[in-house]
Amino acid sequence: MPLLRGGLMRHPSGKISLGGLVLLTLIVGGIYVGVMVVPFYVDNLDVKEAVAAAHNRAAQGAPDDSLRNTIIERTSNLGTHWERDQFDRDILVPGLGLTPEQISIERSDVTGKVRIEVEYSRRVRFKPTSHVRTLKFRVVQDGIPGQ
């Protein structure tokens with residue numbers, strides 16, 4: 001086997017080694033998973049922004065229902081979610097589909113702190129297979145609003 005610069009060895013037949021094939025498979029698999037999952041995490045960043053905006057509105061004395069509506073409105077155009085239609089089939093619809101029950105708001109009269117927590121999940125379908133995975137997200141904003 002000829003010696004190349006830097007002391008690296010080259011296989012004379014030009015064949016791909018098993019280690020190289022495994023590395024290539026891992027890289028392609030990582031890119032595939034990233035393409036399938038990253039958009040959900042990007043949407044979660046937008047949910048964090050919506051929760052922060054609602055938390056700031058709490059400084060102005062906005063009621064809990066108004067804060068929940070702020071979060072729901074700001075996330076209504078993000079991504080997609082699955083719902084059951086009238087024929088009991090799963091359909092993909094726009095928005096995250098957050099409900100008021102998924103948004104908890106706690107206020108402290110003593111310290112002035114407001115805690116807003118949003119818990120939701122999203123289903124990822126790994127195409128072209130029918131494998132589905134559920135990702136769970138939790139966004140918390142806690143503290144004195146406006147500071």
Side-chain angles (χ1 to χ4, degrees), residues 6 8-11 13-147:
L8 297 175
M9 300 295 279
R10 184 176 66 168
H11 199 282
S13 67
K15 293 181 181 178
I16 297 175
S17 67
L18 179 61
L21 185 61
V22 169
L23 180 62
L24 181 63
T25 302
L26 289 173
I27 290 171
V28 170
I31 291 171
Y32 171 75
V33 170
V35 167
M36 298 303 295
V37 172
V38 165
F40 295 94
Y41 285 93
V42 171
D43 287 345
N44 190 54
L45 293 175
D46 290 331
V47 172
K48 287 180 182 181
E49 189 176 292
V51 170
H55 193 263
N56 288 335
R57 287 196 60 226
Q60 299 147 359
D64 291 358
D65 287 339
S66 176
L67 301 179
R68 284 185 182 93
N69 287 336
T70 297
I71 295 168
I72 290 170
E73 286 172 12
R74 284 178 163 243
T75 61
S76 64
N77 294 323
L78 295 178
T80 56
H81 69 282
W82 294 93
E83 287 185 359
R84 290 270 180 188
D85 68 2
Q86 66 267 21
F87 304 109
D88 203 32
R89 293 179 302 189
D90 284 335
I91 57 170
L92 195 60
V93 295
L96 294 183
L98 293 180
T99 63
E101 293 78 26
Q102 292 171 297
I103 304 167
S104 68
I105 300 173
E106 298 171 9
R107 296 177 186 256
S108 171
D109 294 333
V110 176
T111 62
K113 285 187 175 183
V114 177
R115 176 184 167 86
I116 301 175
E117 182 175 344
V118 177
E119 288 190 69
Y120 66 101
S121 60
R122 297 192 57 197
R123 295 190 314 182
V124 182
R125 182 175 164 261
F126 289 94
K127 299 173 187 172
T129 68
S130 58
H131 180 72
V132 176
R133 186 91 180 176
T134 301
L135 300 175
K136 295 183 181 191
F137 296 95
R138 181 174 169 250
V139 176
V140 177
Q141 181 81 32
D142 191 10
I144 299 173
Q147 290 188 347

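These numbers were taken from a predicted model, which means no experiment stands behind them. Hydrogens, waters and symmetry mates play no part in the numbers below; they use all other heavy atoms, side chains included.
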Engineer: Yes or no on side chain to side chain contact (heavy atoms under 4.5 Å, CB included) for Val139 and Lys48, after CA distance, side-chain angles and deciding distance?
Structural biologist: CA-CA 6 Å; Val139 176; Lys48 287 180 182 181; 3.6 Å; yes
Engineer: Taking all non-hydrogen atoms of both residues, which atom of Gly112 and which atom of Pro145 are closest, and how far apart?
Structural biologist: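 Reported closest heavy-atom pair: O-CD, 3.5 Å.
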Engineer: Taking all non-hydrogen atoms of both residues into account, name the closest pair between Ser121 and Thr134 and its distance.
Structural biologist: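 Ser121 and Thr134 have their closest heavy atoms at CB-CG2, 3.7 Å.
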Engineer: Looking only at atom types and distance, does a side-chain atom of His55 sit under 3.5 Å from a main-chain N or O of Ile116, one as donor and one as acceptor?
Structural biologist: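 Not a single qualifying donor-acceptor pair exists.
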Engineer: Report the C-alpha distance between Leu135 and Val124 in whole Å, list the side-chain angles of each, state the deciding distance to 0.1 Å, and finish with yes or no for side chain to side chain contact (heavy atoms under 4.5 Å, CB included).
Structural biologist: CA-CA 7 Å; Leu135 300 175; Val124 182; 3.5 Å; yes
Engineer: Using the six-membered ring wherever Trp is involved, compare the ring planes of Tyr120 and Phe137 and label them parallel, tilted or perpendicular (cut-offs 30° and 60°).
Structural biologist: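 Tyr120 and Phe137: parallel rings.
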Engineer: I would like to know whether Asp90 and Arg84 meet salt bridge (Lys or Arg N to Asp or Glu O under 4.0 Å); could you show each step before the answer?
Structural biologist: CA-CA 5 Å; Asp90 284 335; Arg84 290 270 180 188; 3.2 Å; yes
Engineer: Check the pair Leu92, His81 against side chain to side chain contact (heavy atoms under 4.5 Å, CB included), reporting the backbone distance first and the verdict last.
Structural biologist: CA-CA 6 Å; Leu92 195 60; His81 69 282; 5.9 Å; no
Engineer: How close do Ala54 and Ile71 get, heavy atom to heavy atom, and via which atoms?
Structural biologist: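 Looks like CB-CG1, 3.7 Å.
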Engineer: Rounded to the nearest 0.5 Å, how far apart are CD1 of Ile105 and CD of Gln141?
Structural biologist: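 Going from the CD1 atom of Ile105 to the CD atom of Gln141 covers 12.0 Å.
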Engineer: If the condition is side chain to side chain donor-acceptor pair (under 3.5 Å), which residues does Arg133 pass it with, not counting sequence neighbours?
Structural biologist: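 For Arg133, no residue satisfies side chain to side chain donor-acceptor pair (under 3.5 Å) once neighbours in sequence are set aside.
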Engineer: Whether Arg138 and Glu117 form a salt bridge (side-chain N of Lys/Arg under 4.0 Å from carboxylate O of Asp/Glu) is what I want to check.
Structural biologist: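 Yes.
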Engineer: Could you name each residue pair satisfying side chain to side chain donor-acceptor pair (under 3.5 Å) that touches residues 68-80, not counting sequence neighbours?
Structural biologist: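 Listed by first then second residue: Arg57-Thr70.
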Engineer: Evaluate side chain to side chain contact (heavy atoms under 4.5 Å, CB included) for Val47 paired with Leu96, printing each intermediate quantity in order.
Structural biologist: CA-CA 9 Å; Val47 172; Leu96 294 183; 3.3 Å; yes
